[in-house]
Amino acid sequence: MERIALFGGAPVLDNRQHRRWPAVTSEERESVGRVLDRGVLSGPLAPEATAFEAEFARFVGAKHALLTHSGTSALHLALVAAGVRAGDHVVVPAFSFVATPLAVLQAGAIPIFADVDPINGLLTAGQAAEVLTPRTRAIVPVHIHGAPADLSSLLDLASKRGISVVEDAAQAHGALYQGRPVGAIGHTGAFSLQSSKNLGAGEGGVFVTNDARAAQLANEVRNFGQNVAAELDTFDSSRPLDGTRPLDSLRVGWMYRGNELLAAFARAQLRRLPERTSNCQRNAERLASALGELPGVRPVRAPVGSTSAYHKFRVTLDPREAGVDLPPKMLRGAVIRALKAEGLEVVLWQTVPLPAQTIFQRRDGFGGGWPWSTDPETDFGSMYDPAHFSCTQRLLDGSIVLFSQSCPLIAQSDDIVDAYAEAFARVWRHRRDLAIWAEREARADDSGG
Ligand SMILES: Cc1ncc(COP(=O)(O)O)c(C=O)c1O
């Protein structure tokens, strides 16, 4: 008789067969070695960084790209370059990584959370419209897990209100919205190069835009507020630290530049990204088709007309459709235990809407409650009440993410992905026994056993 691994059967997969990410080949080693041989390690106009920027801009169909030291810093630049100022309101989805609203705070602005589509976790124009205020300066759609948000309706809404759309494309390198790469479809956008991302290079980010003025402003903010463009004609690539730009800060700025080792590594990764992305998408579609056959199991797919980069592979579980009498969170927990026992990588990633996080409940900000204190008329305590974000909470309670940050889908071979389908189907055949086990475990926990 078949037994799932949680109940003593042999696991479908030896977990050690997963490939770690990012994949480091001789190309990355040679690229980084080339930088060390050259001896130029940094500088706003250093050769690897500028080459990467040109290549990445081409990849996402943007006129301008700027390498930064993180996706969060790229997003901060994107907000400032889109016109966000201290005290403004900026709409962000309640379902994202905390860097999205933190970048808003770093710009001195106030994040206003909107609930998301309960099926795919994306911000819709309708939900954004519900939370607009007279102080709203920008909307930040997040292409969560690599699936594009509906940019056309968000841009329509923004243009009617005279505000900007800033794309958080941290997870969405190569994702397509109506056939166009995301990132610079809005006014400005940001990508992350943190290791788990489909384009991973340790830590790093990229600011993108088609607007020359926004690019210049972002470049200044990236470099202590200095006018980097002033040295374009006189820059000597052999002496990048002896720049000729005036050391006069024109505006508030930070040091958000990337470095040459990061740029060289990212260039090597970028060369392989199109092929890796299509392989990842093919595997994701095959896995989604297989899992979609199971009652109550729904892989999250990109909306019609767009193509996900499948940075994360989320699966929702509906106990009613599956015919098991368990609350969603309990089913979720039991399925994670069972799949992990089969050798799979399974994570939850976020578990609550962003406004439930301590920073937004406390709102201490930069001390004394700034920037919230600039807006005494708004009751943020009520606005940030997690109860307002029931679609986000429902999605998170009733879903799991297959694969992990260390071993994401894009890193895996076809065989590993097929083993996921097999393991899931096996666990699902035993879901009623799993439900009985989960209830027994809960009772034992309750009685302290
Ligand atoms: C949606 C989203 N936005 C922003 C970021 C921030 O990127 P980074 O970690 O490179 O600063 C991340 C990173 O995980 C992210 O997932």
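Numbering of ligands and ligand atoms starts at 1, following listing order.
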Completion exercise
Shortest non-hydrogen pair, L67 vs A49, comes out as CD2-CB, 4.1 Å

Completion exercise
The reported gap from OG in S42 to CG in N259 (rounded to nearest 0.5 angstrom) is 7.5 Å

Completion exercise
For R29, the side-chain hydrogen bond (donor to acceptor under 3.5 Å, both in side chains) test, sequence neighbours excluded, returns none

Exercise for the section: Using heavy atoms and a cut-off under 4.0 Å, could you grab the residues that are in contact with ligand 1, chain by chain, numbers ascending? Expected result: S70, G71, T72, S96, F97, A99, T100, V142, D168, A170, Q171, S192, Q194, K197, G204

Practice task
Dump the intermediate steps for salt bridge (Lys or Arg N to Asp or Glu O under 4.0 Å) on R286 and D418, then the final yes or no.
Solution key: CA-CA 8 Å; R286 200 171 63 257; D418 289 340; 2.9 Å; yes

Practice task
To the nearest 0.5 angstrom, please state how far the CZ atom of R257 sits from the CG atom of N223.
Solution key: 5.0 Å

Handout entry: Note, H89 side chain near R137 side chain (heavy atom, < 4.5 Å)
Key = no

